J.: 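Quick one: the structure is below, and I'll ask about it shortly.
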Amino acid sequence: MFEKIMKAPNRPALVIALALFAMAAVTYWDASRMAARATYGMNASAASYFVCLFFVVLGLGHVVSAFQAASIEVEDIDMKAIGWVALALAGLIGSIWLGAGFVLGSTLLFAFTARAFGRRALLVDLVIGALMGLVIFLLFNKLLSLALPQGPLERALF
Amino acid sequence: MRNFLKIAIGLAALTGAALQAGASTAGDLELTITAPAGAGGGWDSAARSLQEVMMATGEARSVQVVNVPGAGGTVGLAQFVGSAQGSSDQLLVAGITLVGASISNASPVDLTQVTPIARLTGDPLVIVVPKDSPIKSIEELLAAVKKDVATTIWVGGSAGGADHILAALVTKAAGADPSKINYVAYSGGGEALAAMLGGQATAGVSGYGEWEGQIKSGDLRALAISYPEPIDGIEAKPLKVQGLDIELVNWRGIFAGPNVEGKDLEALKAAVDNTVKSQQWKDLIKARGWSDYYAPADEFKGFIASETDRVRTILTSIGLAK
Amino acid sequence: MDAINFLIHGFALAIQPSNLIFAAIGVFIGTAVGVLPGIGPALTVALLLPVTFKLDPGGSLIMFAGIYYGGMYGGSTTAILLNTPGESAAVVTALEGNKMARAGRGGPALATAAIGSFVAALIATVGLAFVAPFLVKVAVKFAPWDYFGLMLIAFVTVSATFGSSPLRGLTSLAFGLWLGLMGLDQLTGQARLTFGVPQLLDGVEVTTLAVGLFAIGEALYVAGRHLFKPEKPIPVKGSIWMTKEDWSRSWKPWLRGTAVGFPIGALPAGGAEIPTFLSYTMERKLSRKPEEFGSGAIEGVAGPEAANNASAAGTLVPLLTLGLPTSATAAVMLAGFQQYNIQPGPLLFAQHADLVWGLVASLFIANVMLLVLNLPLVGLWVRLLAIPLPWLYGGILVFAAMGTIAANPSVVELLLLVGFGVVGFLMRRYDYPVAPAVVGLILGPLADNALRRSLQMSLGDPTVFLKHPSSAIMIAIAAIALVLPFLFKGLAKFRQDED
């Protein structure tokens with residue numbers, strides 16, 4: 001049994017309702033801080049207030065639906081796989097952030113994502129990822145003269 | 001077609017010559033030019049043009065263009081100020097829009113913090129009215145503004161940009177309150193053009209080049225350009241010639257990082273100056289339809305300071321800066 | 001007729017071997033690039049601009065035309081096969097197209113997209129050649145109040161993408177609208193919801209949201225379910241080619257999509273996305289099998305794809321006749337014209353007739369080349385699904401990241417991309433449709449700007465929308481479209497009660 005029926009009150013719906021109210025509050029705060037500057041017609045804050053109101057209505061809708069007998073099926077989830085994809089994305093962002101370059105970033109991204117889908121040959125995937133990153137990097141840098149982020153590796157090679 | 005062939009042959013010859021020159025006298029500089037905008041825009045093409053000519057004339061051995069788009073250039077400027085501190089091999093392309101964006105975004109960095117190398121090009125702005133508008137001259141436009149500033153609808157590029165600034169200067173010159181100007185901002189000269197042709201606006205402001213076709217075909221009536229002197233091939237007279245003390249040039253220039261001094265600075269200045277004085281550069285800006293607006297580093301430095309003050313004053317008067 | 005003579009002359013120019021080669025290169029690059037998620041035709045053309053500076057203007061523009069049409073074709077491929085639209089105009093295609101691909105009908109879906117694109121581009125290019133000067137006169141009359149009316153109609157049609165629950169659909173839409181607020185307001189230069197982060201001042205890129213929600217969200221979702229419900233996409237089930245029924249269900253949507261796409265594409269602020277929403281809604285309403293929508297209806301691929309490509313040709317109308325670029329790609333093509341000192345605009349047809357007609361003729365040729373290139377590729381593309389899942393998703397993520405980094409190499413942009421990926425994952429998990437969020441981000445700012453520009457021009461008088469017949473009619477259509485389904489539902493219920 002990998003699926004379970006949610007019992008009322010529906011917790012995800014309540015959480016989303018809370019998130020919507022929070023976003024409405026942030027939007028309201030942001031809009032109220034804007035200095036009114038349109039000389040004619042409507043201010044830029046009008047759209048913010050509209051979206052804010054929209055959020056509140058939807059939030060109320062979620063509260064109501066949370067207490068209705070709902071049967072949303074929420075599947076179980078493989079947190080380990082999600083964790084690997086998260087690690088893959090973190091590897092990419094980290095290597096761009098720390099200036100380690102595009103090739104390393106895409107290597108980690110490719111290999112860890114493959115790992116998330118059950119591949120065990122991490123080393124092979126690292127090599128594939130590195131080759132792919134290298135080809136893309138060369139294509140952009142040499143052919144299109146667009147500089148993708150460079151790290152020590154890219155600088156040493158070119 | 002003959003014209004194109006001519007251009008094509010000219011270009012081919014130019015590249016050929018350029019390659020030869022590049023092979024014989026390669027300089028030692030390996031430069032990175034930051035264009036604080038996405039690929040394809042004005043600053044990007046200025047940066048890539050410089051790249052092309054600097055490598056062709058041999059003023060630099062290699063030049064790389066890095067695009068850092070965002071917030072009218074202030075994102076790229078902030079990054080440049082951080083990374084090019086005292087650097088002997090980094091340059092930045094920027095222009096008047098960046099002066100305005102730093103002020104209206106209340107950015108912590110502005111162009112006075114980097115080292116001016118040279119002013120390169122400057123394009124005139126043009127003030128137009130639709131072809132069947134009752135307004136025939138700049139005086140009549142001023143009269144209309146003075147009579148009712150609210151119903152005189154201006155269209156042009158983004159809020160706080162050069163177009164908006166010129167419209168505000170004209171409103172002020174007409175004796176009306178610039179904070180009451182009814183300026184409808186569009187994402188660029190293109191969309192504003194549609195509003196002009198559709199007859200939804202009283203007057204419009206844009207770079208002359210963007211609306212040249214409609215001005216020449218008679219769909220728009222050009223009342224004045226914002227350049228200080230008359231320009232060959234442009235019929236509209238400068239505002240200055242028509243008795244208004246207003247000039248505004250959409251200039252672009254090149255900068256080095258903060259605290260670049262001594263030999264490093266001299267080398268960069270020399271490389272840029274030689275590039276700009278080359279025939280290749282003259283041909284290239286002609287082909288792109290840009291106007292030469294060269295000024296050397298010292299003059300450019302004073303210019304940046306005065307432009308920053310001037311833009312701040314006018315943006316404050318229209319309520320876009322504090 | 002003069003135009004026909006010019007066109008024949010243009011064909012003579014375009015079938016010169018060198019120009020044919022340029023067209024072929026352009027078509028090939030365009031398709032290749034369009035297939036990659038996140039890297040659109042605009043970026044490619046921009047980057048190729050300096051390279052082509054060395055070519056003659058005719059040749060390089062012909063190549064750009066090939067890239068432009070090719071990019072529009074290619075965007076649908078990943079949308080259909082991998083639920084990963086390559087660009088925002090292919091978001092709608094993913095809705096039905098991916099459902100078809102999952103059921104092993106990827107072949108027919110790709111084929112109807114390719115042929116529909118061909119038909120649409122063919123008709124629209126004829127339109128470009130013969131009605132452009134007339135159409136553009138109408139298009140510039142489109143004032144802010146008219147745009148507002150059009151946006152209202154588009155908003156009403158969004159409900160077609162909501163799926164099972166209006167509450168969840170609206171929530172997704174609201175999320176998109178909220179993202180649309182972010183950045184500098186175009187009219188006043190005021191920052192909204194930027195929280196002091198300068199990188200947010202330019203707002204949220206539609207491609208970043210679409211790639212995040214679709215590509216990364218999908219990868220997370222599939223990874224999370226992989227262990228329990230291994231989902232192996234079926235490359236082919238039944239014929240890889242379109243059946244007779246597929247043909248008979250496709251041809252009308254192609255034509256209707258073209259009819260919607262071309263004029264809206266020609267509007268100075270029309271864009272390619274809105275016609276795809278409109279076409280999708282229309283096909284859903286007109287389909288003989290509306291129950292298939294949501295589980296892979298071929299009309300839902302045929303119509304929007306035709307609309308997408310027709311609007312791509314429509315975009316060239318204001319570009320060539322006014323020098324007015326209405327899409328990122330068109331803006332770059334304008335720069336391409338200018339680098340040869342050619343100013344598109346009212347005088348272009350008169351001054352550079354041979355170039356313009358050469359370009360129009362090349363568009364025809366590029367279009368034929370695309371069909372020739374793409375139909376045999378259908379079989380190959382479908383094989384993409386045979387790549388082992390670990391590599392397939394690893395590759396998708398690398399390409400998605402590449403597109404984002406190439407367009408804007410900033411960590412903030414990457415964080416946004418990943419953030420949207422997480423949101424996309426949660427939305428899939430709790431059964432919220434993702435397409436309305438993208439629609440909200442596209443339409444929200446357009447509607448906001450149109451509304452406030454109208455009120456600024458009328459000095460705050462709200463009757464401006466009713467004073468102009470054109471906008472009044474569009475607002476009425478939107479209102480009727482909004483109310484009518486409820487009326488019908490009420491009537492049906494009423495009848496049921498009587499029974």
Side-chain angles (χ1 to χ4, degrees), chain A residues 2 12 16 20 23 26-27 30-31 34-35 37-38 40-44 46-48 51 54-55 58 61-62 65 72 74-79 81-82 84-85 88-89 92-93 96-97 102 105-106 109-111 113-119 125 128-129 132-133 136 140 144-146 148-149, chain C residues 43-44 47-48 50-51 167 170-171 174 177-178 180-181 185 187-193 195 216 219-220 222-229 388-391 393-395 397-399 401-402 405-406 409 411 414-415 418 421 425 429-431 444 448 451-460:
Chain A
F2 296 123
I16 290 165
L20 289 171
M23 281 162 85
V26 169
T27 313
D30 184 77
M34 286 185 212
R37 286 202 296 204
Y40 306 97
M42 246 177 195
N43 278 321
S48 296
V51 172
F54 198 11
F55 274 147
L58 290 169
H62 274 84
S65 79
I72 299 176
V74 176
E75 299 164 352
D76 272 348
I77 193 163
D78 178 5
M79 279 319 286
I82 300 280
W84 277 108
V85 180
L89 293 167
L92 170 78
I93 293 176
I96 302 291
W97 199 326
F102 175 78
S106 55
L109 180 62
F110 182 83
T113 309
R115 180 71 183 71
F117 284 84
R119 283 268 303 175
D125 290 342
I128 298 177
M132 207 158 124
I136 293 174
F140 272 85
L144 300 177
S145 69
L146 185 86
L148 289 176
Chain C
L43 189 61
T44 332
L47 295 172
L48 287 174
V51 180
L167 178 64
L170 284 171
T171 307
L177 291 176
W178 187 71
L181 291 175
D185 166 46
L187 272 76
T188 60
Q190 172 109 48
R192 287 191 292 207
L193 292 171
F195 312 108
I216 296 184
L220 282 165
V222 178
R225 292 165 44 128
H226 189 58
L227 193 62
F228 306 112
K229 282 192 169 174
L389 276 195
W391 288 350
Y393 278 98
L397 289 196
V398 168
F399 282 115
M402 175 200 79
I405 295 175
V411 175
L414 275 180
L415 285 172
V418 171
F425 164 69
R429 185 159 160 74
Y430 295 105
D431 200 22
D448 180 23
L451 172 64
R452 284 191 294 132
R453 276 197 195 111
S454 310
L455 290 176
Q456 193 180 344
M457 286 182 173
S458 72
L459 304 182

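The figures here come from the full heavy-atom set of this structure, side chains too, leaving out hydrogens, waters and symmetry mates. To find a chain, count down the sequence lines: A is the first, B the second, and so on, and within it residues start at 1. Quantities reported herein were computed from a predicted structural model and do not represent experimental measurements.
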J.: Using 0.5 Å steps for rounding, measure from the CZ atom of Arg119(A) to the CG atom of Leu389(C).
T.: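 One gets 12.0 Å once the value is rounded to the nearest 0.5 Å.
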J.: Between atom CD1 of Ile128(A) and atom CH2 of Trp391(C), what is the distance when rounded to the nearest 0.5 Å?
T.: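 That separation rounds to 4.0 Å.
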J.: So, for Val411(C) and Trp97(A), which heavy atoms are closest and what is the spacing to 0.1 Å?
T.: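 That would be CG1-CE3, 3.6 Å.
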J.: Can you tell if the side chain of Val85(A) reaches within under 4.5 Å of the side chain of Phe425(C), non-hydrogen atoms only?
T.: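 Not in contact.
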J.: Could you pull out the closest heavy-atom pair between Ala174(C) and Val51(A), with the gap in Å?
T.: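 Where Ala174(C) meets Val51(A) most closely, the heavy atoms are O-CG1, 4.4 Å.
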J.: Going from CG on Asp78(A) to CZ on Arg225(C), what distance comes out if it is rounded to the nearest 0.5 angstrom?
T.: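 Here the rounded value is 12.0 Å.
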J.: For a quick test of reading the model, state the closest non-hydrogen atom pair linking Met23(A) to Trp178(C) and the distance between them.
T.: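 Nearest pair, atom of Met23(A) first, then Trp178(C): CE-CE3, 3.5 Å.
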J.: Tell me which of these, Leu459(C), Asp185(C), Leu414(C), has more heavy-atom pairs under 4.5 Å with chain A than the rest.
T.: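 The residue among Leu459(C), Asp185(C), Leu414(C) with the greatest pair count is Leu414(C).
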J.: Do you know which of Ile216(C), Leu397(C), Asp448(C), Leu177(C) has the most heavy-atom pairs under 4.5 Å to chain A?
T.: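 The option with the most such pairs is Leu397(C).
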J.: Which bit of Leu89(A) comes within less than 4.5 Å of chain C, counting heavy atoms only: side chain, backbone, both or neither?
T.: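 For Leu89(A), side-chain heavy atoms alone lie under 4.5 Å from chain C.
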J.: Decide yes or no for Asp125(A) and Pro390(C): does some side-chain heavy atom of the first lie under 4.5 Å from some side-chain heavy atom of the second?
T.: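 No. Closest side-chain heavy atoms not under 4.5 Å.
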J.: Answer with side chain, backbone, both or neither: which region of Met42(A) has an atom nearer than 4.5 Å to a non-hydrogen atom of chain C?
T.: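 For Met42(A), the contact with chain C is made by backbone and side chain together.
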J.: Working to the nearest 0.5 angstrom, can you tell me the gap between Ile136(A) CD1 and Phe399(C) CZ?
T.: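 Taking CD1 in Ile136(A) and CZ in Phe399(C), the distance rounds to 4.5 Å.
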J.: So, for Ser48(A) and Arg192(C), which heavy atoms are closest and what is the spacing to 0.1 Å?
T.: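 Scanning both residues, the minimum pair turns out to be OG-CD, 3.7 Å.
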J.: What is the minimum heavy-atom distance between Ala401(C) and Leu92(A), and which atoms define it?
T.: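 Smallest heavy-atom distance, with atoms named: CB-CD2, 3.5 Å.
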J.: So which heavy atom on Thr171(C) is nearest to which on Leu58(A), and how close?
T.: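 Between these two residues, the closest heavy atoms are CA-CD1, 3.6 Å.
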J.: Among Leu187(C), Leu170(C), Val398(C), which residue forms the greatest number of heavy-atom pairs with chain A at distances under 4.5 Å?
T.: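 Maximum pair count with chain A is reached by Val398(C).
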